[in-house]
Amino acid sequence: MSLTDLTIRQLSQALDEGATTSLEATEAYLQRIEDIDPIISSYITVTWGNAVEAALASDQRRAKGQKLGVLDGIPMALKDIFCTEGVLTTCASKMLHNYIPPYNATSWKRLQEAGVVLLGKCNMDEFAMGSSTENSAYQVTRNPFDIEYVPGGSSGGSAAALAADLATFTMGTDTGGSVRQPAAYCGVVGLKPTYGRISRFGIIPYASSLDQVGIFSKDTWDCAAVLEKVAGKDEYDSTSATTPVGKYTEACSRGVKGLKIGLPREFMAEGIEKRIITQLHAAAEKLAAQGAEIIDVSLPHTKYALPTYYVLATAEASSNLARYDGVRYGLRVEKDNLNDTFLATRSAGFGNEVKRRIMLGTYVLSSGYYDAYYNKTLQVRTLIKRDYDEIFASGIDCLLTPAAPSTAFKIGEKTDDPLSMYMSDVCTVPINLAGLPGLVVPYGLLDGMPLGLQLIGPAFSEETLFTAGTALEGERLIPPDIIEQAKAKGVTK
Amino acid sequence: MAISLDDVDYVAKLAKLSLAVDEKEDYARKLNSILQYMEQLQDIDTKDILPTTHVLPLENVFREDELREGLSLEKALSNAPDTQDGYFKVPKII
């Protein structure tokens with residue numbers, strides 16, 4: 001075991017016992033980032049100096065008996081969508097190539113107050129739009145389990161960094177599956193909490209009625225420990241919920257005996273690989289063997305979730321991204337007058353997928369199409385949400401589904417076919433539309449690539465998801481040696 | 001509702017994007033295939049269904065109207081491409 005293999009719980013214990021220091025762990029990670037990340041390309045920015053400073057401060061707190069909690073001194077990373085005061089925040093876009101936020105995202109501030117050490121900012125699809133991290137304006141991130149495959153997206157850098165042991169835990173955001181799908185592809189735990197559970201203040205917005213901060217971790221307990229620190233009301237985000245924060249780590253050991261777990265048949269329909277459905281049934285049996293009751297259920301509007309998502313998300317994005325005008329921050333391509341400056345700035349600053357979504361969103365909101373597309377879709381969203389409300393009202397505690405219709409695909413395989421790329425989110429988008437929590441837990445390898453399963457619960461039922469997730473998870477999945485892979489496949493740093 | 005090249009021009013104008021000629025054709029093709037996929041939503045009967053704009057049962061959120069410190073002028077302008085006398089500066093409007 002090396003320091004970079006450890007979970008939060010293991011590293012925190014080693015720090016408590018004096019077996020290591022935060023500085024030693026931080027330096028081990030920075031060394032590994034230097035060695036491996038030229039191949040994986042999971043970080044856009046590495047915060048070398050700040051990391052060492054934060055680690056030293058943590059070690060001093062421990063020495064004085066002033067430890068802040070289980071996260072004190074733990075090296076971690078953020079998706080490059082979290083505003084970090086004084087640290088470059090690009091959202092993987094040329095538009096923000098020089099943006100240094102003058103303030104901190106609330107979730108990041110809470111982690112700082114818990115004593116974590118920031119190693120850097122992770123790669124992503126530009127403005128969180130994508131399912132493979134290939135839409136980054138800076139670099140293509142590789143999947144640690146096979147470096148010719150994508151890590152998923154949009155939080156692909158955060159998922160790949162964690163799977164490759166380049167951080168103890170990482171943070172992402174999830175609008176339609178951007179934490180859960182890459183968690184599944186990279187064999188790590190990924191949580192999208194209930195809409196409103198974590199403050200979104202300081203998160204660069206994509207689609208505000210769907211966006212939520214999420215967590216990547218090496219096991220379920222770690223995920224619970226991070227949620228306990230970042231969840232809760234924030235007066236700077238009026239959509240953050242006042243519902244009390246749960247006892248998430250405690251919930252991990254409750255056991256699934258008596259839990260009613262639904263298997264929705266629509267998540268085993270055409271388009272989902274057969275071998276994944278086979279594993280889903282095996283997982284259900286594993287939970288049944290521990291005393292859970294497995295019940296077949298139906299969510300009839302599931303097939304409409306993906307088109308609904310792409311109408312609403314693009315509509316909201318076209319409005320949210322109107323702020324990039326070259327006036328207050330970010331790129332400016334200066335022309336003779338203001339309108340030409342807007343046009344030149346936005347055309348040079350945004351990548352193709354971002355432009356496509358702005359165009360689509362502008363179209364569905366334009367006069368003459370607004371009712372047919374946007375209003376109609378808001379009504380369909382009600383029907384999708386109602387399916388879940390009814391299932392949970394009938395006494396089902398949570399649902400078990402695949403996290404994605406397949407395992408990771410090859411780099412370049414879907415870049416020219418947006419619709420086929422969108423399909424990889426078919427299992428995750430309904431949960432954002434309904435505002436529910438979803439927890440993805442790795443469930444073994446299929447032909448060497450990780451498989452992830454998803455647990456879905458009613459709003460604010462994260463405790464139940466941690467209970468079921470702990471019962472479901474096995475040994476952590478370890479990717480093959482990265483440097484050996486690069487040699488074998490002729491990939492140069 | 002197929003998107004024509006004229007529609008692409010019109011929407012690009014609304015979205016403040018300028019597209020090259022070959023880009024326009026590519027956008028028209030890809031947007032049409034996505035819109036065609038979205039057409040299936042028209043099959044659903046949504047009569048008398050209320051739209052969902054927000055999933056949480058939230059009402060307006062208020063707080064006391066107290067004076068607090070915000071971002072300083074210096075910080076607020078720190079990322080601006082051009083400033084003058086404490087203002088954001090832009091090229092002439094017309």
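Letters A, B, ... are given to chains in the order of the sequence lines, protein chains preceding strands, and every chain is numbered from 1.
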Review point. Side chain, backbone, both or neither: which part of A/Lys355 has a heavy atom under 4.5 Å from chain B?
Key: both
Check your understanding: So, does B/Gln42 use its side chain to make a donor-acceptor pair with the main chain of A/Ala372 at under 3.5 Å?
Key -> yes
Check your understanding: Checking heavy atoms, do the side chain of B/Leu77, its backbone, both or neither come under 4.5 Å from chain A?
Key -> neither
Check your understanding: If you tally heavy-atom pairs under 4.5 Å against chain A, which of B/Lys13, B/Arg63, B/Lys75 wins?
Key -> B/Lys75
**Study point:** Within-4.5 Å side-chain heavy-atom neighbours: A/Tyr304 and B/Met38
**Key:** no
Practice item. Indicate yes or no: does A/Glu235 engage B/Arg68 in a salt bridge with an N to O separation below 4.0 Å. Key: yes
Exercise for review: Pick one of side chain, backbone, both or neither for B/Val55, based on which atoms fall under 4.5 Å of a heavy atom in chain A.
Suggested key: both
Exercise for review: Identify the residues of residues 308-325 of chain A whose heavy atoms come closer than 4.5 Å to a heavy atom of chain B, ordered by number, or report 'none'.
Suggested key: A/Thr308, A/Tyr310, A/Val311
Study note, to complete from the structure: Max heavy-atom pairs within cutoff under 4.5 Å with chain A, candidates B/Leu14, B/Thr83, B/Asn60, B/Leu56, goes to B/Leu56
Check your understanding: Checking heavy atoms, do the side chain of A/Leu343, its backbone, both or neither come under 4.5 Å from chain B?
Key -> both
Check your understanding: With side chains defined as the heavy atoms from C-beta onward, is the minimum distance between A/Ile100 and B/Asn79 less than 4.5 Å?
Key -> yes
Point to revise | Residue, of A/Arg332, A/Lys385, A/Arg386, that accumulates the most heavy atom pairs under 4.5 Å with chain B | key: A/Arg332
Review point. From A/Met359 CE over to B/Leu17 CG, what is the distance, rounded to the nearest 0.5 angstrom?
Key: 6.5 Å
Review point. With chain A, which of B/Ser18, B/Pro91, B/Ser33 has the greatest number of heavy-atom pairs at distances under 4.5 Å?
Key: B/Pro91
Point to revise | Residue B/Leu71 versus chain A: region with a heavy atom under 4.5 Å | key: side chain
Exercise for review: Grab the two heavy atoms, one from B/Lys16 and one from A/Asn339, that are nearest each other, plus how far apart they are.
Suggested key: NZ-OD1, 2.9 Å
Check your understanding: In a check of side chain to side chain contact (heavy atoms under 4.5 Å, CB included) between B/Lys30 and each of A/Asn352, A/Leu360, A/Asp416, which one passes?
Key -> A/Asp416
**Study point:** Contact origin within A/Thr239 toward chain B - heavy atom pairs under 4.5 Å
**Key:** both
Exercise for review: Mind listing the closest non-hydrogen atom pair of B/Tyr37 and A/Pro307 along with its distance?
Suggested key: OH-CD, 3.5 Å
Check your understanding: With chain A, which of B/Glu23, B/Lys89, B/Gln40 has the greatest number of heavy-atom pairs at distances under 4.5 Å?
Key -> B/Gln40
Exercise for review: Check each atom of B/Phe88 against the heavy atoms of chain A and say whether the ones under 4.5 Å are side chain, backbone, both or neither.
Suggested key: side chain
